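What follows is a set of notes on a single structure, which appears directly below.
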Amino acid sequence: MFSAPSPIRPRRKLRAALLGAVAAVAVGAAVVNTGLYAPSSAVADTQQTSAGPASFADIVDRVKSSVVSVKVKMSDAADAESDFPGMPQFPPGSPFDRFFRQFGLPDDGNQGDAPMPRHKPHLTMAQGSGFFISSDGYIVTNNHVVDHATEVTVTTSEGKTLSAKVIGVDAKTDLALLKVKDAGNYPFVKFTSHAPRVGDWVIAVGNPFGLGGTVTAGIVSARGRDIGSGPYDDFIQIDAPVNHGNSGGPTFDVNGDVVGVNTAIFSPSGGSVGIGFAISSDVVQNVVDQLKTNGVVQRGWLGVEIQQVTQDIADSLGLKAASGALVAKENKDAPAAQAGVKIGDVITAVNGQSVADPHELARRIADLGPKKSADLTIWRNGAQQTINVTLGSMPNDKQAMNDLGESKPDASVGAVAKLGLTLQAGHDGVTVTDVDPQSVAADKGLQQGDVILEAGGKSVDKPEQVAQALDAAKSDGRKSVLLRVKSGDNVRFVALPTEAS
């Protein structure tokens, strides 16, 4: 349970953030007659508009009554928010849990200064923010605000306390939909009809530190941010300060429309550095509509594992640009395999719209939904083709076991050894038994225990077959050969140079 935007922790030890910086707004400048020439009217107009609104008061007056404080009673048997109020706690293995481990959260869940104390389960209170999206009392907030809730209440800007129930949650996007139990005609806000531009003004309203109804302002710093929290990341980065208790609160544009839901912050020092993240309104609308209708979110599913196309991989496949999503693993019973998608294909477009990277493909497929038809443009064997696939429904996450076998090491051979690899034959591929840490192979991410499943598009189970693939690629004038590698439960492609540099 977490009651504030999640601090993104870098790899060094950090304390939890208490964010409270104030955005500065230029209010004008004096003109001094120094004999210098005056700016043209076009320049003068630009200077005038760059100062921004003289005040956000009118906008705030319109929207503040739609923003509520969300208070949650919960059992903290699996949560330590009462002991460490600055640190978010997510279910083990969840996207946000993996994200914070990536940025240095210790495995024992402590702050980096002392072990987290053990305590008996008891009821605790946590709080965040939310906002009405309909007159009949539907409220949007973060999933991590209401996770494990046994009782939820909301307090309006007028101080009225209402009981609410959780209609549905979506952990993959950290969103939740609530509904107040009392009938009424509640003030609400709507989502923007167009995406904000980088540089547009935004206003964050929320419940920092339980104070309620606090407003901060800033601009959109970037769009489409992937912060590693899950496969559907599409965050708006803002510099409007947000604080503990702002989680789930809205970010508005200057028209008073919602452009995002405040969720996470980056804080290397424990204080605000002007980097906050809000879930994009188009993502929120899609999730909320499904939660309202079905109580759950259904996403389209291809049934493949995909990875980034690097320049090395693009060169080895004959692609002009390092874009698209490379199919590294397939599920034999999944929609993609049934439609004819194969390992080694690069998906470059969906329904005629180009795909820049794996995250864009994942979002595009998910948004289409189950049972929808999609035309995939793929690159295979140096040529482009189109495959039509009927999407499935996203299943629960599955784990696969990796059996490396127990074959005896084989001697390293020629080209492979020069690249810093020691290999041995295995049952389902060629096992990497050693990697020179100063080698090209190490630079490409190969590690001891990896299993090479394919080299140059062909299955391998002996080290000499990998060497042959390297030699063949070199003879064809290619600078690298594509290896399909299994690392634990993950399968990926690695473009290995045909010779050491």
Side-chain angles (χ1 to χ4, degrees), residues 3-8 17-29 46-70 128-133 140-142 156-157 187-225 235-267 269 271-281 284:
S3 63
S6 314
I8 302 174
L18 294 178
L19 309 178
V22 179
V25 180
V27 294
T46 301
Q47 292 175 339
Q48 180 68 28
T49 58
S50 66
S55 172
F56 296 106
D58 290 341
I59 303 168
V60 173
D61 284 344
R62 295 204 313 268
V63 303
K64 67 180 180 180
S65 60
S66 67
V67 183
V68 299
S69 166
V70 180
S129 304
F131 57 99
F132 284 109
I133 58 168
V140 171
T141 188
N142 281 142
T156 67
S157 60
F188 67 96
V189 288
K190 63 185 181 69
F191 294 102
T192 183
S193 59
H194 61 279
R197 298 179 303 164
V198 174
D200 281 351
W201 286 98
V202 288
I203 309 159
V205 183
N207 179 43
F209 312 114
L211 298 173
T214 298
V215 180
T216 55
I219 64 169
V220 175
S221 302
R223 286 193 49 85
R225 286 300 198 209
F235 288 93
I236 300 171
Q237 181 181 326
I238 63 173
D239 70 355
V242 290
N243 302 279
H244 292 279
N246 275 98
S247 274
T251 297
F252 295 100
D253 60 19
V254 292
N255 298 314
D257 296 332
V258 177
V259 297
V261 176
N262 298 320
T263 298
I265 59 171
F266 175 79
S267 182
S269 63
S272 175
V273 293
I275 301 178
F277 299 100
I279 305 169
S280 178
S281 61
V284 180

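The analysis underlying the following values was restricted to heavy atoms, covering all of them including side chains, and did not include hydrogens, waters or symmetry mates. What you see is a predicted model, and the numbers here were worked out from it, not measured in a lab.
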- Yes or no on side-chain contact (heavy atoms from CB on, under 4.5 Å) for Val261 and Phe131, after CA distance, side-chain angles and deciding distance? CA-CA 9 Å; Val261 176; Phe131 57 99; 3.8 Å; yes
[X] versus [Y], closest heavy-atom pair with distance:
X      : Y      : result
Pro196 : Arg223 : O-CD, 3.0 Å
Arg197 : Val220 : O-CB, 3.5 Å
Ala204 : Ala240 : CB-CB, 4.4 Å

- Are any non-hydrogen side-chain atoms of Ile203 and Val215 less than 4.5 angstrom apart? yes
- Examine the side chains of Thr263 and Asn142 and answer whether a donor and an acceptor come within less than 3.5 Å of each other. yes
Side-chain ([X]) to main-chain ([Y]) donor-acceptor, under 3.5 angstrom:
X      : Y      : value
Thr216 : Pro241 : yes
Arg62  : Asn255 : yes
Ser129 : Gly248 : no

- Task: Check the pair Phe188 / Ile133 against side-chain contact (heavy atoms from CB on, under 4.5 Å), numbers first and verdict last.
- Result: CA-CA 5 Å; Phe188 67 96; Ile133 58 168; 5.5 Å; no
- Task: Have a look at Phe252 and tell me which of Val60, Val202, Val205 forms a side chain to side chain contact (heavy atoms under 4.5 Å, CB included) with it.
- Result: Val205
- Message: Could you go through Phe56 and Trp201, starting from their C-alpha distance and side-chain angles, then the distance that decides it, and tell me whether this counts as side-chain contact (heavy atoms from CB on, under 4.5 Å)?
- Response: CA-CA 10 Å; Phe56 296 106; Trp201 286 98; 3.6 Å; yes
- Message: For Asp257, give me all partners under salt bridge (charged side-chain N to carboxylate O under 4.0 Å, His left out), at least two apart in sequence or on another chain.
- Response: Lys190
